[in-house]
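Take a look at the structure below.
Reminder, nothing fancy here: chain letters follow the sequence lines and each chain counts from 1. As the structure is a computational prediction, the values presented were derived from the model and not from experiment. All values below were derived from every heavy atom in this structure, side-chain atoms included, with hydrogens, water molecules and symmetry-related copies excluded.
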Protein chains: 2
Amino acid sequence: MQKKYLNIYEDLVKQIESNVWPVSSLLPSENDLTSHYNTSRETIRKALNLLSQNGYIQKIRGKGSVVIDSHKFSFPVSGIESYTELADKLQLETRTIVHSLGYLDTNHDIAKLLRSDPSDNIWDVERIREISGEKIIFDKDYFNEKYVPLLSKEICEQSIYDHLENNLGLVISFAQKEIVVEEPTEEDRKLLDLEGFSNVVVIRSQVYLDNASLFQFTESRHRPDKFRFVDFARRVKN
Amino acid sequence: MQKKYLNIYEDLVKQIESNVWPVSSLLPSENDLTSHYNTSRETIRKALNLLSQNGYIQKIRGKGSVVIDSHKFSFPVSGIESYTELADKLQLETRTIVHSLGYLDTNHDIAKLLRSDPSDNIWDVERIREISGEKIIFDKDYFNEKYVPLLSKEICEQSIYDHLENNLGLVISFAQKEIVVEEPTEEDRKLLDLEGFSNVVVIRSQVYLDNASLFQFTESRHRPDKFRFVDFARRVKN
DNA sequence: TTGCAAAACTTGTATATACAAGTTATACTA
DNA sequence: TAGTATAACTTGTATATACAAGTTTTGCAA
């Protein structure tokens, strides 16, 4: 089915990003948009709520929808984005080195958590991200074989997420993430160009599918000087 | 006005947190909830969408609303929460030391950005957070005098946000945040118990009010071993 | 018993209406 | 002219209906 409100949302995003509605100006009123898109007000409101959630506008009762400067802190790095998508967006000169690709040890804690059946094998993919010739990020990804039956060096060098979504038809839905700062391990020191830094930033996440089943563990270890996390947050009233 | 959908949301949150609906079980169907709360399905859906956005449930078409384990990574530290609220939630043994309280230099970059009128003064509050006897966090907050006419040492020792929202009636709405890792400054070394750590985690944010006006700049400098950022994210389809 | 089609559920989208509540512009009054 | 009340906007909430689309259960037929 054609999702009207999604089309309208995407259309408005395009317009905001191309400055049709500049920062701190007002979007057309809901009634104007309703007649312009030839739809109902509720459908317009669904689109506007998406814009609000994603930091494009602030709705003010009685006034209208103010366009927010979503680029104040440059590019958003929050949400669930794969490295490839990010590198693409930021136009990084990047290279991915597949350090290892195989099955995780059966007794490993992560294996136990990802396994739904004792016979399931768990993929263990370790990759190094080189940016402008420097080894900056060390990524470890764990998948249940049940969802990802086959992984090749080629897929891992390109984009695993692209493979999952476009070839396997998996629908990645939500994630719980944790960011901490740790001492580099021996492995970090060996694989990354740490340049004497005595800390790494570690992002651990649990990724879930559409049907709320746990699907992936990720550990992403960054050289601290190249790390940056950008977020848009709305205050939650209690 | 009584906001039905908000009441229902809060009621369901309470129920989920007290395990009336355990993790990975299904909530009652929208129709059941509709008749239980004696309201319309759309109102129920508004409440459920809030639950979904805040990481309590995952909606599955044709099936129902699955309760998600929102405590996998313990407590959420994302969103916009003041230090006091957080310390309260985590029951930290904490003390706030007001290091300085005054007006920011007129030529400072931040002053220029926060000022709407050349005559506006900008508050500059610098505080140290002591947790279990160790000086862990160094917070710098900047407010426009236009919104916050008076700040006392007492208010800063308690909770500024509490003062803003409950005494001044300001409605904090959204923020753009940035997390990076930096070298400690001389000031950091002097004011914090860095224990030899050679990095600090810096969280900078711009906070906006209800009416989309820029209201506050914040810089929060953490000892890296005590820093932890937890987030719930939904994948945004393009 | 097994397999399969249909029915009975579930959530998702689109529409319409009514009124509440906040903001801005208008027009009238002193 | 200045101030104020009103009207005409704006978004927010609540309700009802209809159908689409996905999942599970039911029950019938082979």
Starting at atom [atom1] of [X], determine the distance to atom [atom2] of [N], rounded to an integer number of angstrom.
{"X": "Lys46(B)", "N": "dG12(C)", "atom1": "NZ", "atom2": "P", "result": "16 Å"}
{"X": "Asp210(B)", "N": "dG22(C)", "atom1": "CG", "atom2": "P", "result": "11 Å"}
{"X": "Leu50(B)", "N": "dG12(D)", "atom1": "CG", "atom2": "P", "result": "13 Å"}
{"X": "Gln58(B)", "N": "dT23(D)", "atom1": "CD", "atom2": "P", "result": "13 Å"}
{"X": "Lys59(A)", "N": "dT10(D)", "atom1": "NZ", "atom2": "C1'", "result": "10 Å"}
{"X": "Ile44(B)", "N": "dT13(C)", "atom1": "CD1", "atom2": "P", "result": "18 Å"}
{"X": "Asn49(B)", "N": "dT13(C)", "atom1": "CG", "atom2": "C1'", "result": "12 Å"}

Given side chains that start at C-beta, do those of Ile160(B) and Arg127(B) come closer than 4.5 Å, heavy atoms only?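 Yes. Closest side-chain heavy atoms under 4.5 Å.
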
A side-chain contact here means heavy atoms from C-beta on lying under 4.5 Å apart; do Leu48(B) and Leu51(B) qualify?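 Leu48(B) vs Leu51(B): side chains touch.
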
Any side-chain N or O of Tyr5(A) less than 4.0 Å from the OP1 or OP2 oxygen of dA14(C)?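 No, Tyr5(A) has no side-chain N/O under 4.0 Å of OP1/OP2 on dA14(C).
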
Set of side chain to side chain donor-acceptor pair (under 3.5 Å) partners for Asn19(A), sequence neighbours left out: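 Counting only residues at least two positions away or on another chain, Asn19(A) forms no side chain to side chain donor-acceptor pair (under 3.5 Å).
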
What residues, two or more places apart in sequence or in another chain, satisfy side chain to side chain donor-acceptor pair (under 3.5 Å) together with Asp124(A)?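 By the side chain to side chain donor-acceptor pair (under 3.5 Å) rule, Asp124(A) matches no residue at all.
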
Any protein N or O atoms within reach of nucleotides 23-27 of chain C? Criterion: under 3.5 Å, listing atom names and distances.
residue	atom	partner	partner atom	Å
dT23(C)	O4'	Gly62(A)	O	3.4

Test of understanding: with side-chain contact (heavy atoms from CB on, under 4.5 Å), list the residues that count as partners of Pro149(B), not counting sequence neighbours.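 If we apply the side-chain contact (heavy atoms from CB on, under 4.5 Å) test to Pro149(B), skipping adjacent residues, the hits are Leu168(B).
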
Under 30°, 30 to 60°, or over 60°: which ring-plane class applies to His222(B) and Phe227(B), parallel, tilted or perpendicular?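 Correct class here is perpendicular.
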
Where along residues 24-41 of chain A does a heavy atom fall under 4.0 Å from DNA chain D?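 Heavy-atom cutoff 4.0 Å gives Ser29(A), Glu30(A), Asn31(A), Arg41(A).
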
For residues Tyr142(B) and Trp123(B), establish whether the separation of their ring centroids is below 6.0 Å.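 No, the ring of Tyr142(B) stays outside the 6.0 Å limit from the ring of Trp123(B), centre to centre.
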
Does any pair with a residue in residues 35-62 of chain B pass salt bridge (Lys or Arg N to Asp or Glu O under 4.0 Å), and if so which ones, sequence neighbours excluded?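 Counting only pairs at least two positions apart or across chains, the salt bridge (Lys or Arg N to Asp or Glu O under 4.0 Å) contacts touching residues 35-62 of chain B are Glu30(B)-Arg41(B), Glu30(B)-Arg45(B), Glu30(B)-Lys59(B).
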
Any idea which of dA14(C), dA14(D), dG12(D) is nearest the Arg45(A) side chain?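 Between dA14(C), dA14(D), dG12(D), the one nearest the side chain of Arg45(A) would be dG12(D).
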
What's the closest nucleotide to the side chain of Lys3(B) if the choices are dA14(C), dT13(D), dT11(C)?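 That would be dT13(D).
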
If you count heavy atoms of other groups shown closer than 6.0 angstrom to CG of Asn38(A), is the number above 12?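 Result for CG/Asn38(A): open.
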
Heavy-atom nearest nucleotide on DNA chain C for Glu42(B) versus Ser65(B): which residue maps closer to 5'?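 Checking each residue's closest nucleotide, the 5'-ward one belongs to Ser65(B).
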
